[in-house]
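Following: one structure in structure tokens, then a few remarks.
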Amino acid sequence: MSESSRYQPQAIERQWQERWNDARLHHTPDPGEASYMALSMFPYPSGNLHMGHVRNYVITDVIARVARMRGHQVLHPMGWDAFGLPAENAAIERGVDPGDWTDQNIASMRSQLQRLGLSIDWDREITTCHTDYYRWTQWLFLQFLEAGLAYQKEATVNWDPIDQTVLANEQVDSEGRSWRSGAVVEKRQLRQWFLKITAYADQLLDDLDGLTGWPERVRTMQANWIGRSRGAEISFALVDAAGHDSGEQISVFTTRPDTLHGVSYVVLAPEHQLVERLTTPDQALAVAAFRDLVSGQSEQERTAEDKPKRGIPIGAQVRNPANGQLVPVWIADYVLAEYGTGAVMGVPAHDQRDFLFARQYELPVQQVVIPAGSDEHAFEGGAWCADGILIHSGRFDGLSSASARDAIVVAAEQEGWGRGRTTYRLRDWLISRQRYWGCPIPVIHCESCGVVPVPADQLPVELPRNVPLEGRGGSPLAQLESWVTVPCPCCGKPARRETDTMDTFMCSSWYYLRYSDAHNDTLPFSRAAVDRWLPVDQYVGGIEHAILHLLYARFFTKVLRDRGLLGFSEPFSRLLTQGMVQGITYRNPHTGRHIAPADVADPSDPRDPESGERLDTFYEKMSKSKHNGVDPAVVIDRYGADTARMFILFKAPPEKDLEWDDADVEGQYRFLQRLWRLVDGALQRGLSLAAQSGGVASDRLTPTSAADRDLRRAVHSAIVAVSDDLQGEFQFNTAVAELMKLSNAMGEHLASASDALALEALRSLLLLLAPFAPHMAEELWSRLDAAGSIHRQHWPQADPAALVRDTIPLVIQVKGKVRGNLEVPADADRATLEQLALNSDIAAKWLEGRPPSRVIVVPGKLVNLVP
RNA sequence: GCGCCCGUAGCCCAAUCGGUAGCAGGCAGGUCACUUAAAAUGACCCCAGUGCGGGUUCGAAUCCCGCCGGGCGCACCA
């Protein structure tokens with residue numbers, strides 16, 4: 001008989017974390033038949049753990065723990081996405097070394113993380129800014145270079161004026177703002193490094209169909225981003241004023257070759273290379289003025305949809321290859337130089353943009369497609385953009401749009417004026433950055449030999465220390481003459497190192513592979529290790545990477561597969577995108593100021609502490625500027641990690657946003673205290689799990705009383721429910737609710753149950769609790785004298801016999817309305833159920849003696865009598 | 001503009017295949033018990049008919065159509 005005790009999470013959590021650590025409990029086993037990799041998106045080491053991190057890692061931890069208990073060999077690692085601008089900015093602002101700053105942040109975040117009781121194998125920790133990691137990032141870059149998938153080119157690129165570097169297209173949002181700094185990006189012409197992601201556009205798109213374990217919306221977002229459209233490229237021959245072919249051509253891209261006979265004009269992007277050459281002298285001044293006007297506009301202004309379309313003829317004319325008709329050439333602001341061929345054919349009858357343009361400039365509208373089974377379309381509302389039947393199209397008249405598209409492409413190819421072509425919205429990935437704190441691009445520029453890769457045995461190209469940083473223009477490395485000048489690896493003559501560093505998304509595009517073989521110093525990872533652990537069985541992270549990181553990682557995987565470095569095509573089998581953690585936010589609607597919750601005297605009537613004005617109250621993503629953040633450390637200090645974990649899992653389904661609520665945290669804490677007292681009561685009674693190695697002999701589990709039976713049913717239905725909630729879709733919130741339900745049932749029946757059944761219930765409850773509240777489960781397990789760590793036990797199995805009921809309540813409906821219940825034998829067949837229902841008082845009362853015209857029997861559920 | 005997701009008690013959330021909307025769960029609120037009192041604890045109670053309007057069905061939160069509200073993605077991509 002032990003003394004009664006109180007739940008004191010601070011003491012037990014610390015103690016168990018140390019013991020687990022000493023016992024190497026979370027050490028990764030050798031991979032086997034049932035290998036399972038659970039992975040959270042690794043964090044940037046800002047130095048502060050926030051609630052979003054906590055949610056991410058707790059979710060993954062529960063998944064890892066359940067997988068272990070189900071007998072899998074589990075790899076559950078963690079690392080740091082450690083290159084990036086915050087470290088460099090800290091260096092500029094405070095003069096600290098970016099490497100030291102980052103290492104300190106990592107140390108502090110690691111210890112914050114460890115307080116959560118995560119079952120992470122820290123032996124495989126990786127840090128992208130350490131040479132033992134980025135050496136391999138460079139090595140992989142050279143693989144891309146060798147495969148012809150990395151190249152330099154002069155291009156119009158996005159320049160972030162705040163962060164003073166270029167950005168990839170994926171890193172600029174639809175408003176033209178940088179994903180990091182929020183600044184509106186500028187366009188600059190620069191020579192930059194690119195990875196040829198477009199070479200994999202088809203695979204990246206087509207393989208999305210196989211990613212059935214991914215949220216639909218992430219797949220849709222990637223498909224939209226890749227933006228494949230199939231169509232044709234068609235050449236229009238230039239014709240001079242005298243009517244003779246000049247020998248030059250304009251090539252347009254269209255998805256609607258079936259509308260070719262309806263072309264009224266051809267439009268070039270104002271930046272198109274041919275514009276200067278084709279403009280006739282009489283139009284030269286006007287065209288130059290128009291081009292100036294357009295180039296002075298931001299992309300935002302230019303692509304705003306409600307803006308009127310503007311254009312100007314350049315004086316040239318071209319011949320429509322399908323019907324020989326001569327049409328004028330224009331330039332217009334709505335045509336983009338970078339997409340397709342930078343030129344389009346104007347078909348006002350069948351394209352809304354062309355229609356508006358033609359209206360404005362009084363260009364002819366020639367209808368060539370009509371709705372099937374109808375007369376000609378009226379053009380009051382706009383263009384007819386759907387498919388139909390061709391008219392005014394010579395030999396193609398009468399064909400459907402779909403077959404005309406094929407037929408016209410065939411004709412074009414045979415007659416040499418066009419071909420089928422597919423274009424993409426996706427652009428090659430711009431990976432060079434003009435910043436210091438990144439992975440150096442391992443190439444050397446030699447005047448005689450050109451771009452020379454740094455030989456693999458000379459990797460890593462180490463980032464020099466003590467570089468002066470002021471964050472103003474140009475690559476900081478370029479100023480370090482002693483570092484830049486090196487002998488060419490080919491010819492030995494003096495040459496210059498590349499001074500740009502890589503986009504940090506390069507580092508995060510392959511880190512998940514490194515975990516499989518984290519200490520390999522001859523390769524980034526061995527093929528055997530990576531193929532045994534990967535693809536990641538369950539990946540967990542925020543939706544903000546739906547395109548960025550997740551697209552790049554998929555691209556890397558496919559390239560490395562084609563290089564023979566790994567044997568799979570997709571890196572992440574299943575993806576869970578967790579929702580945001582939101583804090584309660586108070587804002588003064590007039591001043592727009594955010595007020596900290598601590599300064600709000602009465603939350604039921606929130607007032608501005610200064611002016612007394614009523615405040616708006618809502619939930620928003622936690623952030624410093626809104627004063628709505630909750631520090632995980634404070635919560636853990638007060639309630640313990642188990643409460644924090646339970647709350648976060650319980651409060652909302654994992655993929656939905658979670659509203660932080662202190663009262664609910666309190667409630668979760670109370671639940672854990674209830675569990676503690678429940679087990680404490682069992683200890684008072686003298687119960688012990690010491691004698692049980694594999695469980696209780698089954699004959700002793702045969703319930704002999706109603707309380708026993710109810711208890712056992714509650715236990716086993718909880719096992720079924722929690723197991724289901726953790727299978728397939730993860731529903732942690734309902735799983736925790738099931739634990740509460742079970743503890744309620746145990747509170748009711750445990751005292752009157754036999755020792756054997758009470759122990760079975762306690763044992764099951766703790767096993768089910770273990771992934772969620774690992775410290776408490778372990779502590780209570782040990783207090784009950786059970787052998788070994790609870791985290792080395794098998795997940796409990798439900799006994800179907802315990803779920804069987806003798807009788808069940810049968811719902812009696814009359815005309816679909818519930819009119820009463822009938823207690824019936826659980827195994828009764830349809831006919832019996834029908835008879836029981838018909839003979840019941842309920843039937844007598846509601847049918848008033850008339851026999852029903854129809855009887856619907858749903859065994860185990862209900863009987864519906866339809867009069 | 002196009003596409004996708006969501007809307008259930010005061011609040012957060014449940015509800016296999018369409019089958020008793022809450023003996024799923026929690027928070028908040030109320031009453032009572034215990035206590036000198038309070039906290040803690042326990043027991044009980046209160047609260048929606050599923051955003052709105054139609055339809056299909058014996059039966060709809062669930063399926064279909066149209067609205068309203070909120071969120072997200074794409075957006076002059078030819």
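First the proteins, then the strands, lettered A, B, ... as listed; each starts at 1.
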Paired with [N] by Watson-Crick or G-U wobble geometry, both distances under 3.5 Å: which nucleotide is it?
N	result
B:A15	none
B:G1	B:C74
B:U50	none
B:G29	B:C45
B:U62	none
B:G69	B:C6

d(OH, A:Tyr334; P, B:C77) in whole Å = 10 Å
key: Protein-nucleotide distance (A:Leu649, atom CG; B:C13, atom P), rounded to Å   = 15 Å
Using a heavy-atom cut-off of under 4.0 Å over every strand shown, decide if [X] touches base, sugar-phosphate, or nothing.
X	value
A:Ser229	sugar-phosphate
A:Phe671	nothing
A:Asp354	nothing
A:Gly667	sugar-phosphate
A:Val818	sugar-phosphate

Expressed in whole Å, how much space separates the [atom1] atoms belonging to [N] and [M]?
N	M	atom1	value
B:A21	B:G59	P	14 Å
B:G53	B:U62	P	13 Å
B:G69	B:U50	C1'	16 Å
B:C77	B:G3	C1'	16 Å
B:C11	B:G29	P	15 Å
B:A9	B:A14	C1'	13 Å
B:G30	B:C46	C1'	7 Å
B:G70	B:U57	C1'	31 Å

Output the single nucleotide from [options] whose closest atom is nearest the side chain of [X].
X	options	value
A:Thr254	B:U41, B:A78, B:U20	B:A78
A:Arg217	B:C13, B:C72, B:C27	B:C72
A:Phe253	B:A78, B:C12, B:A14	B:A78
A:Lys861	B:G19, B:A24, B:C76	B:G19
A:Lys656	B:C27, B:C13, B:G25	B:C13
A:Thr255	B:A78, B:C77, B:C13	B:A78
A:Arg677	B:G42, B:C76, B:G19	B:G42
A:Leu336	B:A78, B:C13, B:G25	B:A78
A:Val866	B:C76, B:C58, B:A28	B:C58
A:Gln731	B:C13, B:A15, B:A78	B:A15

request  = May I ask you to verify if any side-chain N or O of A:Asn864 is less than 4.0 angstrom from the OP1 or OP2 atom of B:U57?
outcome  = no
query = Does a donor on one side chain sit under 3.5 Å from an acceptor on the other, for A:Ser264 and A:Tyr361?
reply = no
A:Tyr586 and A:Asn628: side chain donor to acceptor below 3.5 Å = no
task = Tell me which of A:Gly340 and A:Ala652 sits closer to the 5' end of RNA chain B, going by the nucleotide each one is nearest to.
result = A:Ala652
Tell me if the [atom1] atom of [X] is crowded by more than 12 foreign heavy atoms within 6.0 Å.
X	atom1	value
A:Glu655	CD	yes
A:Arg638	CZ	no
A:Gln273	CD	no

inquiry  = Check this for me: does any side-chain nitrogen of one of A:Lys626 and A:Glu620 sit under 4.0 Å from a carboxylate oxygen of the other?
reply    = yes
query = Side-chain donor or acceptor of A:Glu738 under 3.5 Å from a matching atom on the base of B:G25?
reply = no
ask   = Of the options A:Thr259, A:Thr254, A:Asp258, which is the one that meets A:Arg256 in a side-chain hydrogen bond (donor to acceptor under 3.5 Å, both in side chains)?
value = A:Asp258
